[in-house]
2 protein chains.
Amino acid sequence: MKTTRNTAAKTAVLEVFEKSKTALSHTEIHKQLNDLCDRVTIYRILDRLINEDVIHKISNLDGTVKYAKCNHSHQRVHIHNHAHFSCENCHEITCLETVKPSYIMPHNYKVNEINFTLSGLCPNCLNSNI
Amino acid sequence: MKTTRNTAAKTAVLEVFEKSKTALSHTEIHKQLNDLCDRVTIYRILDRLINEDVIHKISNLDGTVKYAKCNHSHQRVHIHNHAHFSCENCHEITCLETVKPSYIMPHNYKVNEINFTLSGLCPNCLNSNI
DNA sequence: TTATCAATTGCAACATTGTTGCGTTTAATT
DNA sequence: AATTAAACGCAACAATGTTGCAATTGATAA
Ligand SMILES: [Mn+2]
Ligand SMILES: [Mn+2]
Ligand SMILES: [Zn+2]
Ligand SMILES: [Zn+2]
């Protein structure tokens, strides 16, 4: 099988995730890295981190895509079954690890992954909007 | 307020939705219309139909965006609180109108919209994969 | 430590998706 | 039929993501 390597760029990307409380887009990561590496490299690092189950991808109703660190203990084969909240005002996306939807599926479907994103106003923006 | 008009292109787009059992991407609609109108016009029609609550937008984990007819009775202010299923094999996206997630939100969030997409294998692909 | 070699990177080129401005056309109303 | 704002086509642009390939580099074994 393919082995994976620790490179300067990969380490830097991980540090950016470590420091951030909210999910990050490819562009946001690129800006924070300040030309440490190429745009394409970041895409490839994100792909690898997803395969390694270190981060997960969040796709939003408005078309934006963000990534966040997985902060469950590392488990083989896990579903990211928590909700994400996307603020319509500040556009920050946060993992709501405690919010897990329950639902009943019809038979004959095999579910591998779920994506549950709520949008509206986050606590910060809700308070400042009074 | 702005009035809305019925144009040939808009009617054609609606017919395409009427005929389809699954959600459609902008590109799929464009191909089915066979150059009846410009690419940009379709984007604008989709925007209008969303505002009129005739269709709704579905954004998928793989980054694709599709649209489907709303088949609830037309109501002012409604949330599309049903699930969508995205097949990893045939890439068809279907509305699961009966599947509605239940969840408990922390306080201080105002939820305006939800997006609940499940991916895996649809009944068709599940059967043919045995 | 040094040689090895596949994993990773940079770069250029490309594809797809969506947006905007503006002059022209057209649906709906008078 | 005249009016007029909505809708349109077209061109140009921006953002996002992908691919091929040669050069670089991290990890491993000699
Ligand atoms: Mn996770
Ligand atoms: Mn609906
Ligand atoms: Zn906010
Ligand atoms: Zn399928």
Side-chain angles (χ1 to χ4, degrees), chain A residues 1-17 23-68 86 88 91 93 115 117 119, chain B residues 1-17 23-68 86 88 91 93 115 117 119:
Chain A
M1 78 188 134
K2 269 187 81 151
T3 61
T4 184
R5 290 180 186 176
N6 292 320
T7 65
K10 186 180 170 186
T11 307
V13 168
L14 275 176
E15 270 172 23
V16 171
F17 276 117
L24 298 164
S25 69
H26 168 271
T27 309
E28 287 165 340
I29 296 167
H30 185 50
K31 279 176 188 157
Q32 286 204 36
L33 289 190
N34 212 53
D35 280 313
L36 177 107
C37 68
D38 193 74
R39 216 165 62 81
V40 179
T41 300
I42 297 178
Y43 279 115
R44 300 200 256 227
I45 290 174
L46 291 172
D47 282 347
R48 267 179 282 151
L49 290 176
I50 288 174
N51 281 331
E52 296 169 8
D53 270 322
V54 176
I55 62 173
H56 56 282
K57 190 173 174 178
I58 306 161
S59 103
N60 217 49
L61 245 198
D62 64 11
T64 57
V65 172
K66 300 213 177 186
Y67 306 85
S86 159
E88 291 164 357
H91 298 105
I93 294 183
N115 173 219
T117 307
S119 42
Chain B
M1 77 189 136
K2 270 187 79 150
T3 63
T4 185
R5 289 180 185 176
N6 293 320
T7 66
K10 185 180 171 185
T11 307
V13 169
L14 274 176
E15 270 170 23
V16 171
F17 275 116
L24 299 164
S25 69
H26 168 271
T27 309
E28 287 165 341
I29 296 167
H30 185 51
K31 278 176 188 156
Q32 286 203 35
L33 289 190
N34 213 53
D35 280 314
L36 177 107
C37 69
D38 192 75
R39 218 165 59 82
V40 179
T41 300
I42 297 178
Y43 279 114
R44 300 201 256 228
I45 290 174
L46 291 172
D47 281 347
R48 265 179 284 151
L49 290 176
I50 288 174
N51 280 331
E52 296 168 10
D53 270 321
V54 175
I55 62 174
H56 55 281
K57 190 173 177 179
I58 306 161
S59 106
N60 219 48
L61 245 198
D62 64 11
T64 58
V65 172
K66 300 213 177 188
Y67 306 84
S86 160
E88 291 165 356
H91 297 105
I93 295 182
N115 172 221
T117 308
S119 44

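On a predicted model such as this, the values are computed, not experimentally measured, just so you know. Every chain is numbered from 1, with letters handed out A, B, ... down the list of sequences. The figures that follow rest on heavy atoms only: side chains count, while hydrogens, waters and symmetry mates do not.
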Side chains of B:Val65 and B:His26 in contact at under 4.5 Å (non-hydrogen atoms): no
Would you tabulate the pairs of protein nitrogen or oxygen atoms and nucleotide nitrogen or oxygen atoms of nucleotides 13-17 of chain C closer than 3.5 angstrom?
from, atom 1, to, atom 2, distance (Å)
C:dT17, OP2, B:Thr27, OG1, 3.1

Members of residues 8-15 of chain A that approach DNA chain C, where some heavy atom sits under 4.0 Å away: A:Ala9
Taking every non-hydrogen atom, the tightest pair across A:Phe17 and A:Tyr67: CE2-O, 3.3 Å
Rounded to 10 degrees, the angle between the two terminal axes of the helix from C:dT1-D:dA30 to C:dT30-D:dA1, each from five pairs: 30°
B:Asn60 and B:Ser86 side chains, donor-acceptor separation under 3.5 Å: yes
Nearest-0.5 Å distance, CD of residue B:Glu28 to CG of residue B:Leu33: 12.0 Å
Pairwise side-chain contact, B:Lys66 with B:Leu24, heavy-atom cut-off 4.5 Å (strictly under): no
When the side chains of residues 35-45 of chain B are checked against the rest of the protein, which donor-acceptor pairs come out under 3.5 Å, sequence neighbours left out?
from, atom 1, to, atom 2, distance (Å)
B:Asp38, OD2, B:Val40, N, 2.9

Length of the line joining A:Leu46:CG and C:dT8:P, which is rounded to integer Å: 14 Å
Short side-chain N/O contact from A:Thr7 to OP1 or OP2 of C:dT9, under 4.0 Å: yes
Under 3.5 Å: donor-acceptor pair, side chain of A:Gln32, backbone of A:Ile29: no
B:Thr3 side, atom OG1; B:Arg5 side, atom CZ - distance, nearest 0.5 Å: 6.0 Å
Rounded distance (nearest 0.5 Å) linking atom NZ of B:Lys57 with atom CG of B:Leu46: 9.5 Å
Audit row: A:Lys10, A:Glu52, salt bridge (Lys or Arg N to Asp or Glu O under 4.0 Å) steps and yes/no: CA-CA 12 Å; A:Lys10 186 180 170 186; A:Glu52 296 169 8; 3.1 Å; yes
Tabulated below should be each protein N or O lying under 3.5 Å from an N or O of nucleotides 23-26 of chain C; please produce it.
from, atom 1, to, atom 2, distance (Å)
C:dT26, O2, B:Arg5, NH1, 3.3

Start and end of chain A contact along DNA chain D [non-hydrogen atoms, under 4.0 Å]: D:dT16 to D:dA27
Separation of atom CD1 in B:Ile42 from atom P in C:dG18, rounded to whole Å: 12 Å
Interatomic distance where CD1 belongs to B:Ile45 and P belongs to C:dA27 [whole Å]: 12 Å
Short side-chain N/O contact to C:dC5 OP1/OP2 from A:Thr3, under 4.0 Å: no
Nearest-Å distance for atom pair CG/P, residues B:Asp47 and C:dT20: 10 Å
Spacing of B:Asn6 atom CG relative to C:dT29 atom C1', expressed in whole Å: 14 Å
Interatomic distance, A:Ser59 atom OG to A:Asn115 atom CG [nearest 0.5 angstrom]: 5.0 Å
Separation of A:Thr64 OG1 from A:His91 NE2 (nearest 0.5 Å): 8.0 Å
